[in-house]
Amino acid sequence: QVHLVESGGGLVQAGGSLRLSCAASGRDFSSDYMGWFRQAPGKEREFVATISARGVFTYYADSVKGRFIISRDRAKNTMYLQLNSLKPEDSAVYYCAARTSARTSTLSASYDYWGQGTQVTVSS
């Protein structure tokens, strides 16, 4: 059974940092593009960042560019999102996702596997 499990969320003050992890199991994700999305209450799920299969290519939403860093460890089947200089507007449930197609996408509908999400709350 395929699983994506996020961890590392929590409550942090504005300006602080968190590191999210996404552990994948149940199949070989090493050839998949993977990404992070987030959803705040009353808002649609939005793209945050994506990373290519080998981790060479990354792409970020403008709202997080320069503050967040996406990475992956293919040997551990794990993806990470380093969140720096956090702002209250970054508060959301963060989801990791995997896409079997070897092309970059910012569209949530194009991702095939999803985790359950981890809550990030940034206080002002």
Holding to side chain to side chain contact (heavy atoms under 4.5 Å, CB included), I want the full list of residues that pass it with [X], two or more places apart in sequence or in another chain.
X	result
Gln82	Ser17, Arg19, Ile69, Asn84
Val12	Leu18, Leu86, Val122
Arg74	Ser30, Arg54, Arg72

| query | Would the number of heavy atoms belonging to other residues, nucleotides or ligands and lying under 6.0 Å from OH of Tyr80 be above 12? | reply | yes
| query | Any chance NZ of Lys65 has more than 12 other-residue heavy atoms, nucleotides or ligands included, within less than 6.0 Å? | reply | yes
| said: Show every salt bridge (charged side-chain N to carboxylate O under 4.0 Å, His left out) that has at least one partner inside residues 97-114, sequence neighbours left out. | reply: none
| query | Which residues pass the side chain to side chain donor-acceptor pair (under 3.5 Å) test with Asn77, sequence neighbours left out? | reply | none
| said: With a 4.5 Å cut-off on side-chain heavy-atom distances among I, L, V, M, F, W and Y, is there a chain of contacts connecting Phe57 to Tyr111? | reply: yes
| message | Quick check: is Phe47 connected to Ile51 through a chain of hydrophobic side chains (ILVMFWY, heavy atoms under 4.5 Å apart)? | response | no
| message | Between Lys87 and Asp90, is the salt bridge (charged side-chain N to carboxylate O under 4.0 Å, His left out) condition met? List the steps. | response | CA-CA 5 Å; Lys87 306 175 181 179; Asp90 293 319; over 6 Å; no
| query | Is there a side-chain contact between Arg67 and Tyr60 (heavy atoms, below 4.5 Å)? | reply | no
Determine all donor-acceptor pairs shorter than 3.5 Å in which one atom belongs to a side chain in residues 20-27; sequence neighbours excluded.
| unit_1 | atom_1 | unit_2 | atom_2 | d |
| --- | --- | --- | --- | --- |
| Arg27 | NH1 | Asp32 | OD2 | 2.5 |

| query | So Phe68 and Tyr94, would you call those rings parallel, tilted or perpendicular, with 30° and 60° as cut-offs? | reply | tilted
| field | Donor-acceptor contact below 3.5 Å, side chain Tyr113 vs main chain Thr100 | value | no
| query | What closest approach, in Å, do Leu4 and Cys96 show between heavy atoms, and which atom pair accounts for it? | reply | CB-SG, 3.7 Å
